[in-house]
Amino acid sequence: MRGRGAARLAATTLVSGLVAASVLAGAGPAAADGTAWSQGGATATIGGLKTYGAAVVHADSGDQEISAGLFEMSVDGGGTLQTYCVDIHNPTQRDAKYHETPWKGTSLGANKDAGKIRWILQNSYPQVNDLAALAGKAGVKGGLTEQDAAAGTQVAIWRYSDGVRVDAVDPQAERLADYLEKNARDAAEPQASLTLDPPALSGHPGERLGPVTVRTNADSVTVTPPADAATSGVRIVDKGGKPVTSAADGGQLFFEVPEKAADGQAELTVQASTTVPVGRAFAAESRSQTQILAGSSESTVSATASASWARTGAIPALSAAENCDKGGVDITAANEGDAAFTFELLGIEHTIPAGESRTVTIPLQEDQAYDFTIKGPGGFEKRFTGVLDCMTQVSEADEAGTTTHTLSEPSPATVGTASDDTNLAATGGSSMTPLIAGIAVALLLIGGTTLTVVRRKQAPTQR
């Protein structure tokens, strides 16, 4: 995996025209206004480390003791998730908001051992809650406590997710970690709890725009029509034109747009109650360590899809997905209009011919918050916000002098002085060391004005 770099270069920003976007370095307020996008599934707020033991990370700068175990998250709309960390060098932001995401949107996407992490999750605590049986398989004499099981499982995961030299302090937990690491086998990435495919489409008034296909592990989902359906006349229907209020996995939904409708946009929402599959990644909407799901209660999940329409000209449909393999955000632009949709991205002009779709990647620096607002004809507008978090390992130069702090509630063992009372990490550190490198850049798609902004980035801290 790539190391977290010490210095970031400034970039040039081009602003104006049909498409404009800004990218900000650091955590920033990108998701504070609720405009953050996701590809569907569960959205949750992290509540802290709940069941944990102690571990020791071995580094060239010395050994550091940290807490290791299960986090708990509260799901928006109801439900509870249990997660482990897969991002040891990054701090946990208190009350950070997380959303379910594919592996490729995190460091797991480029990790050849990601499948082994899922195997560990499926074959250890809390999925295996018979601790006597788990201890027997692992050859742990004297049995396992919940704290031992959680710590041992987390340590085994870190060895594959972050490539660190780490041991559990408790001998029973260490024996479990060794067993899990040795026996781990590849397991496939789990499917999302709920998504809509495609998340955006376009067409002409008088047509049924779609289909939008439901993908879910829930028995059924409820379908909520556009908020202004009563006045716009837009309906959500099936292939035969019958109004739809619920759907199952594989179900197809269509936006039925009246022939006399003015050029516009609409959005539908689907929602369900289900257990989120073990092994789903959870990325934060701010700078907070990536998590992987270890257990789920019955939880609320949701997804949205949008449609845009116009009588003539270009009719864009836009969706986005973080792509850690490419180090940026993929923006897919589809054009169902009768004219080409043209925009400029980082000085390169892109043209989407009528009836075609293309994906362009906006390159971003690691740890950058981004805020893209993409505009098109007829009042079309789409906004995407988030933080690119694709790396886990620090470079050798960055490792020296790092300090571990832990979350004040609960209070596991700490190393160093926890003088800062904000954004403290539960399984790793947030120290008030000098900012090391970073950038604030606005990346623009069509334009004229040039802006260059440089910011120094906080050094990653070791966990």
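If you're wondering where the values come from, they're calculated on a predicted model, not measured in any experiment. Numbering of residues begins at 1 and proceeds along the displayed sequence.
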Using 0.5 Å steps for rounding, measure from the [atom1] atom of [X] to the [atom2] atom of [Y].
{"X": "Trp309", "Y": "His204", "atom1": "CH2", "atom2": "NE2", "result": "13.0 Å"}
{"X": "Glu72", "Y": "Ser297", "atom1": "CD", "atom2": "OG", "result": "9.0 Å"}
{"X": "Glu100", "Y": "Gln291", "atom1": "CD", "atom2": "CD", "result": "14.0 Å"}
{"X": "Leu108", "Y": "Thr290", "atom1": "CG", "atom2": "OG1", "result": "7.5 Å"}
{"X": "Ile315", "Y": "Asp338", "atom1": "CD1", "atom2": "CG", "result": "6.5 Å"}
{"X": "Asp249", "Y": "Ser220", "atom1": "CG", "atom2": "OG", "result": "11.0 Å"}

Where the side chain of [X] meets the backbone of [Y], is there a donor-acceptor pair that is under 3.5 Å apart?
{"X": "Asn335", "Y": "Ser357", "answer": "no"}
{"X": "Asp113", "Y": "Lys116", "answer": "no"}
{"X": "Arg94", "Y": "Gly47", "answer": "no"}
{"X": "Thr195", "Y": "Ala192", "answer": "no"}
{"X": "Asn111", "Y": "Tyr160", "answer": "yes"}
{"X": "Asn323", "Y": "Val329", "answer": "no"}
{"X": "Arg235", "Y": "Pro225", "answer": "no"}
{"X": "Ser232", "Y": "Asp228", "answer": "yes"}

Shortest non-hydrogen contact from [X] toward [Y]:
{"X": "Ala354", "Y": "Ala339", "result": "CB-N, 3.9 Å"}
{"X": "Leu49", "Y": "Ser67", "result": "CD2-OG, 3.3 Å"}
{"X": "Ser288", "Y": "Gln93", "result": "OG-N, 2.9 Å"}
{"X": "Thr153", "Y": "Ser124", "result": "OG1-OG, 2.7 Å"}
{"X": "Ala42", "Y": "Val276", "result": "CB-CG2, 4.0 Å"}
{"X": "Gly279", "Y": "Leu121", "result": "CA-CD1, 3.9 Å"}

In sequence, state the C-alpha distance, the side-chain angles, and the governing distance for Arg287 and Asp389, and then conclude on salt bridge (charged side-chain N to carboxylate O under 4.0 Å, His left out).
CA-CA 8 Å; Arg287 286 296 301 127; Asp389 182 12; 3.3 Å; yes
Any chance you could lay out the side chain to side chain contact (heavy atoms under 4.5 Å, CB included) test for Thr106 and Thr101, step after step, and finish with the verdict?
CA-CA 8 Å; Thr106 72; Thr101 190; 3.6 Å; yes
For Thr275 and Ser296: C-alpha separation, side-chain torsions, deciding distance, then whether side-chain hydrogen bond (donor to acceptor under 3.5 Å, both in side chains) applies.
CA-CA 5 Å; Thr275 56; Ser296 169; 5.5 Å; no
Side-chain donor-acceptor pair present, [X], [Y], cut-off under 3.5 Å:
{"X": "Tyr84", "Y": "Ser161", "result": "no"}
{"X": "Glu322", "Y": "Tyr370", "result": "yes"}
{"X": "Thr359", "Y": "Thr332", "result": "yes"}

Non-neighbouring partners of Asp76 that pass salt bridge (Lys or Arg N to Asp or Glu O under 4.0 Å), sequence neighbours left out
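For Asp76 the salt bridge (Lys or Arg N to Asp or Glu O under 4.0 Å) partners, ignoring immediate neighbours, are Lys97.
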Before giving the answer on side chain to side chain contact (heavy atoms under 4.5 Å, CB included), spell out for Thr224 and Val270 the whole-Å C-alpha distance, their side-chain angles and the decisive distance to 0.1 Å.
CA-CA 6 Å; Thr224 302; Val270 296; over 6 Å; no
Min side-chain heavy-atom separation [X]-[Y] under 4.5 Å:
{"X": "Val57", "Y": "Ile66", "value": "yes"}
{"X": "Pro258", "Y": "Val234", "value": "yes"}
{"X": "Ile331", "Y": "Thr361", "value": "no"}
{"X": "Thr222", "Y": "Thr245", "value": "no"}
{"X": "Ile292", "Y": "Thr83", "value": "no"}
{"X": "Leu268", "Y": "Phe255", "value": "yes"}
{"X": "Thr92", "Y": "Ile46", "value": "yes"}
{"X": "Tyr98", "Y": "Glu285", "value": "no"}

When the side chains of residues 208-216 are checked against the rest of the protein, which donor-acceptor pairs come out under 3.5 Å, sequence neighbours left out?
from: Arg208; atom 1: NE; to: Glu256; atom 2: OE2; distance (Å): 3.2
from: Arg208; atom 1: NH1; to: Lys239; atom 2: O; distance (Å): 3.1
from: Thr216; atom 1: OG1; to: Ser193; atom 2: O; distance (Å): 2.7
from: Thr216; atom 1: OG1; to: Ala218; atom 2: N; distance (Å): 3.0

Are Ser202 and Ser308 close enough, and set up right, to give a side chain to side chain contact (heavy atoms under 4.5 Å, CB included), and what steps lead you there?
CA-CA 5 Å; Ser202 60; Ser308 58; 3.4 Å; yes
Could you give me the CA-CA distance, side-chain angles and deciding distance for Val278 and Gln127, then say whether side chain to side chain contact (heavy atoms under 4.5 Å, CB included) is met?
CA-CA 9 Å; Val278 170; Gln127 286 300 301; 3.3 Å; yes
Taking only distance into account, with no hydrogens and no angle test, what donor-acceptor pairs under 3.5 Å do side-chain atoms of residues 183-190 form with protein atoms, sequence neighbours excluded?
from: Asn183; atom 1: ND2; to: Tyr179; atom 2: O; distance (Å): 2.8
from: Arg185; atom 1: NH1; to: Lys182; atom 2: O; distance (Å): 3.4
from: Arg185; atom 1: NH1; to: Asn183; atom 2: O; distance (Å): 2.9
from: Glu189; atom 1: OE2; to: Trp103; atom 2: N; distance (Å): 2.8

